[in-house]
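In what follows, chains carry the letters A, B, and so on, assigned in the order in which the sequence lines appear, proteins first and then strands, with residues in each chain numbered from 1. What's counted below: heavy atoms across the whole structure, side chains too, no hydrogens, waters or symmetry copies. Given the structure is predicted, the values throughout are model-derived calculations rather than measurements.
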Amino acid sequence: MSVRSIAIAFAVMIITSLSGNQAPSQGFAGLGSAAEGFSVPQPGRPFHFPVDHGAHPDFRIEWWYLTANLEAPDGTQYGAQWTLFRSALAPGENKGWSSPQLWMGHAAVTTSEDHFVAERISRGGVGQAGVVAEPFSAWIDDWQMQGNAVPGADQLANLTLTATAEEFGYELRLSATGPLVPQGDNGYSVKSAKGQASYYYSQPFYAVTGSLSLPTRNVEVTGKAWLDREWSSQPLAEDQTGWEWFSLHLDTGEKLMGFRLRDEGEGFTSATWITADGRPNPLPAGALRIVPVRTAKVAGRQIPVSWNVQIPSRGFDVTTRPLNDQAWMSTSIPYWEGPIAFEGSVSGRGYLEMTGY
Amino acid sequence: MTIWTVAAALLSHWQRRPLQLGAVVLGLALATALWSGVQAVNAEARASYARAAAALDQNELAHLVSPHGRSIPQAVFVRLRRAGWNVSPVLEGEYRFGTARLRVIGVEPLTMPAETQAVDRRNAGELLSFISPPGTLIVSPETAEKIRRQTDLALRVSDRMPDGAAFVDIGLAERLLRREGELTRIVIAENQRPGLEPLGTLAPALLVREPSAQSDLEHLTESFHLNLTAFGFLAFAVGLFIVYSTIGLAFEQRRPTFRTLRCLGVSLSALAVSLLAELFLFALVAGAAGVIIGYLIASLLLPGVAATLEGLYGASVTGTLSLRPEWWLSGFAIAVAGTLISSIQSLLRLMRMPVLAAAQPQTWGRSSQTGRRFQVLAAAALLGLSGALILWADGLRAGFGVLGCLLLGASLLLPAMLSGFLTFMQRLSSGALVTWFWADARQQLPGLSLALMALLLALAANVGVGTMVSSFRLTFIGWLDQRLAAELYVAARNEPEADRLRAWLATKVESVLPIVSVDAEIRGQPMQIFGVVDDPTYREHWPLIVVMPDVWDRVASGEGVLVNEQFWRRERLRIGDQLDLASDWKATVVGVYSDYGNPKGQVIAGINALTSRHPQVSRLRYGLRVQPDQIADLRSSLSDEFGLPPDNIVDQAALKEQSRRIFDRTFLVTGALNIFTLGVAALAVFSSLLMLSEMRLPQLAPVWAMGVTRRDLALLEILRTLVLWLATFAAALPLGLVLAWVLLAVVNVEAFGWRLPMHIFPYEWVRLGLVALAAAVVSVFIPLRRLAGLAPSELLKVFANER
């Protein structure tokens, strides 16, 4: 999951104003724009932890993206999302209001009937939002992803996640049962045939306990969560207009990350098969095939909410089904993001993100 | 008989007497015009305040502020956000762009509540240029014109902005105002999530200021608008006098018609309905004309009002008027109400009229003995009430109550007084013609008395307001001489330049008086605290009203402070009271000084006491004491040595001239309204005389028949009119003086916070008297020409015709 994030309102602004061009030719949310002045991901750079858990202000965009498939004691399914986006108007960081960094937070809870969404936007530089690598902490206003690890340990191994909005809130405790997983080529994740790329790693092995507060009830929940970390300066090609992104927890304990970026032609797909003990197997471009099964009218547009996902080389062939068709993120830049279940050659749960509809 | 026949019969009266028709419609239109014009000006000004307040988000949302007007650390804002509070920071201050002083409002567009959004968050380019260096100023079109060449910053023009203010990004505000990490207030959005920790725990040092229904400006200028309203009402009342007397006369003259119609079988109710419909028609026509004239008056007045509000309160009002639908409605409403008020007595009389009663236009309006007694009693009651209000009531409305009772009481008393005067003169005189002259004047009085009452009101208002303005002006100019004691005022452009300037000046002038001030909040009011050095200039010149002994020593030592008169009165302070200037700064009030033209409270402290608590205070401006003959030299060497632009060096004379100009502009509106009111009153007298002249043949014919020529009769008519004018004018003088006293000692104190000594200006009375005289001659001219040109046969007919 991930490039998703994108959703960022700011990104659009940045591009429209800096380049003076109009947005349509620059992909969804302006993510296809040039990276002038910003650093550009290079293959072969190893991650440095815990530093890379923190912000990379020389890159234009970055996110800390967490999705959780949750279940109440009575078996009711829920989904929760917590995302912090960083977007830079200019490379680097300054103290105070003159900081060029902007931050945006999205939080959501999905039930089979409802989808609750909230958004926070903040300037950098004054402490209203930010990320500290060690001891790990990511926050915007009172929403927080707080690391509980001792110094020296994996800072992302134990997290407390909170978000509260007018209608809903949650507090989740996450503990990793597996290692951090680099995506793509050792963390260098290619996004188009033209070579656009990002740095990308995940922690797909969280076990979750916690509670959701909803308008009508408070629910104790347990489940699985997936954290994506990604940063880049120009992750999309200019003609790429949106994507479908799957993060799947297979009942076998394996994980699958796969995405398709849509363009005027066939699109660009990429996937990583992650073994139950956390070893990534990047699949070649084109190995993943996705076909819409059912569309639904969501926020006034037709959106394919159910998909057939195949990886023939792995004998993987499943059909996904959303917990709630209407998992629409009505944020500054809107997109669809919600929990799914899948059945077929193997079953399990996961999250689907779709942008550019 | 159809209702149309009835209507035609009734309306034919107006066809035969177009002058009466003109008087009714014109009187009603003028009354409506002045009233709705003033209302329009008020509404426009209030709309401006509301726009300003909405743009500056003063009145819609609650704020966190620091007691004593201190700045709030930025960390408090972050703490609140991180506790989940939906709040947004604001940093405000004054900043000079060249010669233009702007209120710079630094906001943070991402957290700003939607209600107050100055920047469209969805317009990416707009948002980005706003928050990115070097930054953008959002200003009104007028302000943009003013500062365009004074700054390199980008300007974006917004019609929603009030003049003299600029929205900037909070980061830019920090740089401009040099207040890094500081906030002046924190806006609290309406939408907050549940379960928040209370503000009192998170920010115990701050106060929540709830949104107020009234903006500061609206509050400050309330007295001014009340003033205008009172004037509008006075003009309306004067206009109604015309309508009342004309309609009364028309009803009386139409009695034969009513009688005939009733005899032909028209029911009383049908007659009443027809008359009401007729009146309603007049009200609509006159109301429409009134609203249009009112609009013209308002557009004439508005620039003056805008100047006044700017001068007195620093409130910016746009100089353009928009025609709002509610004026049309209120204009028609007031016209209809006015018509009904002025005709209710006539209608009631009609309802009670016996079918066959003879018409008596002669005796119409001739107040019976009981009627006059009732008038005198009512007058006495009203005058007594106004006295009681002066003694026991408080507040601006009570002040206007005093004025209202006084004016109404005096005008009710006028007919009785004039009648007494004429009776007395009649007794004194011996010759037949002279006795007839006085008796005839007395006979004419009832028909004229309403017009004369209107005249009395207008003249008294002129004398009263004129005396008030002139007294104010005299006091103000004397006060300016004291207050602006330094010969030259100079402003440096930045602190290093100010340092060099001080060093350089030390040897060149007798003394250098720094002008330093900080904004503060004292007793919940926005105030300014000035710091003064211990200098003979202040000891000798400063306009003190009440003092403690050794007042300047106490100020210099930091133990005492001076307060301005308006703050002193508002807070009912006494010399020796303790005043909390800040949480760690208490001082004794040791003196009170007059401070005209300043709506805000002000405190003067010793400069050391001020700068030790506000080390950051700007020290750019100085008053310089020099010998008068050195001013020009010093001026040119200042601009040679420091390259200061001419605007930064102002001499005393120029400053005084500027203040005087502002003052005069301020009272232009009052003058204009005075003239309008006087004009309406003159019209009332004119129309009354005109109508009387139509009815006076029966009185004049016998006198003519006894040998008095028509020329002499005309001269006597002029003389009689002049006597009545003069008597009314004589009555208006004392009334006007009492009015002036009430304005100066009661209304001004409530409205502005200062009390002025009263000065008397007989020369102005002479001028007013001459204007009134000219109007009298004009008003008698047309009726007179008619009399002079009257064919003897017309006069003879009086004896032949049975009326």
Side-chain angles (χ1 to χ4, degrees), chain A residues 8-23 29-30 87-90 94-105 107 118-130 137 139-144 146 162-169 171 213 215 218 332-333, chain B residues 73-91 106-112 114 119-136 168-177 179-183 189-197 202:
Chain A
I8 325 275
F10 325 138
V12 174
M13 308 167 189
I14 297 159
I15 293 76
T16 43
S17 58
L18 293 190
S19 67
N21 284 338
Q22 289 306 306
S87 180
L89 302 175
N94 295 321
K95 265 276 167 219
W97 296 112
S98 56
S99 160
Q101 304 291 331
L102 299 178
W103 297 84
M104 179 163 76
E119 181 177 48
R120 297 280 185 270
I121 305 178
S122 163
R123 305 268 283 269
V126 296
Q128 189 189 342
S137 180
W139 74 93
I140 182 164
D141 293 344
D142 55 334
W143 300 1
Q144 193 153 344
Q146 181 69 46
T162 53
T164 315
E166 280 180 57
E167 279 189 310
F168 73 100
E171 178 169 354
S213 46
N218 288 344
S332 307
I333 289 195
Chain B
Q74 182 183 291
V76 175
F77 158 72
V78 174
R79 193 192 313 149
L80 290 170
R81 287 298 302 197
R82 297 217 51 193
W85 279 91
N86 187 4
V87 290
S88 186
V90 178
L91 174 62
V107 295
E108 203 290 286
L110 296 185
T111 49
M112 233 165 110
V119 188
D120 185 359
R121 237 181 352 215
R122 285 157 310 180
N123 182 333
E126 193 176 292
L127 176 61
L128 205 74
S129 66
F130 188 75
I131 63 175
S132 313
T136 305
V168 300
D169 181 62
I170 189 157
L172 176 57
E174 270 188 346
R175 292 198 294 281
L176 290 176
L177 304 173
R179 293 176 68 176
E180 209 146 302
E182 296 181 25
L183 305 175
E190 266 178 6
N191 296 334
Q192 300 291 347
R193 71 165 174 85
L196 290 167
E197 203 177 328
L202 289 166

Practice prompt. Would you give the length of the straight line joining atom CG of B:N86 to atom CZ of A:R120, rounded to the nearest 0.5 angstrom?
Written response: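 So the CG of B:N86 and the CZ of A:R120 are separated by 7.0 Å.
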Fill in: Distance, nearest 0.5 Å, that separates CG of A:L89 from CG of B:L127
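Rounded to the nearest 0.5 Å, the CG-CG separation comes out at 8.5 Å.
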Worksheet entry | Closest contact, heavy atoms only, A:I121 versus B:T111 |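 Closest heavy-atom pair between A:I121 and B:T111: O-CG2, 4.2 Å.
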Worksheet item: What is the minimum heavy-atom distance between B:V78 and A:Q128, and which atoms define it?
Response: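 Smallest heavy-atom distance, with atoms named: CG1-N, 4.0 Å.
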Item to complete: Could you pull out all residues at least two apart from B:E182 that satisfy salt bridge (charged side-chain N to carboxylate O under 4.0 Å, His left out)?
Response: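 For B:E182, the residues satisfying salt bridge (charged side-chain N to carboxylate O under 4.0 Å, His left out) (neighbours in sequence not counted) are B:R179.
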Worksheet entry | B:R193: partners by salt bridge (charged side-chain N to carboxylate O under 4.0 Å, His left out), with sequence neighbours left out |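 B:R193: salt bridge (charged side-chain N to carboxylate O under 4.0 Å, His left out) contacts with A:D142.
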Worksheet item: Under a 4.5 Å cut-off applied to non-hydrogen side-chain atoms, are A:R123 and B:D169 in contact?
Response: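 Yes; the side chains approach each other to less than 4.5 Å.
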Fill in: Per-residue contact mode, B:E180 against chain A (heavy atom under 4.5 angstrom)
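Neither part, no heavy atoms under 4.5 Å.
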Item to complete: Against chain A, label B:I131 side chain, backbone, both or neither, depending on which of its atoms sit under 4.5 Å from a heavy atom there.
Response: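 Both parts, backbone and side chain.
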Worksheet item: Between A:G96, A:S98, A:A165, which has the largest tally of heavy atom pairs under 4.5 Å with chain B?
Response: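 With the most close heavy-atom pairs to chain B, the winner is A:A165.
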Discussion item. Can a side-chain donor-acceptor contact be found between B:Q74 and A:W97 if the only test is distance below 3.5 angstrom?
Written reply: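 The criterion, which ignores hydrogens and geometry beyond distance, is satisfied for B:Q74 and A:W97.
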Practice prompt. Counting only heavy atoms closer than 4.5 Å, note whether A:E167 contacts chain B via side chain, backbone, both or neither.
Written response: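 It is neither, since no heavy atom gets under 4.5 Å.
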Worksheet item: Among B:R82, B:R79, B:R81, whose salt bridge (charged side-chain N to carboxylate O under 4.0 Å, His left out) with A:D141 holds?
Response: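 Between A:D141 and the candidates, salt bridge (charged side-chain N to carboxylate O under 4.0 Å, His left out) is satisfied uniquely by B:R81.
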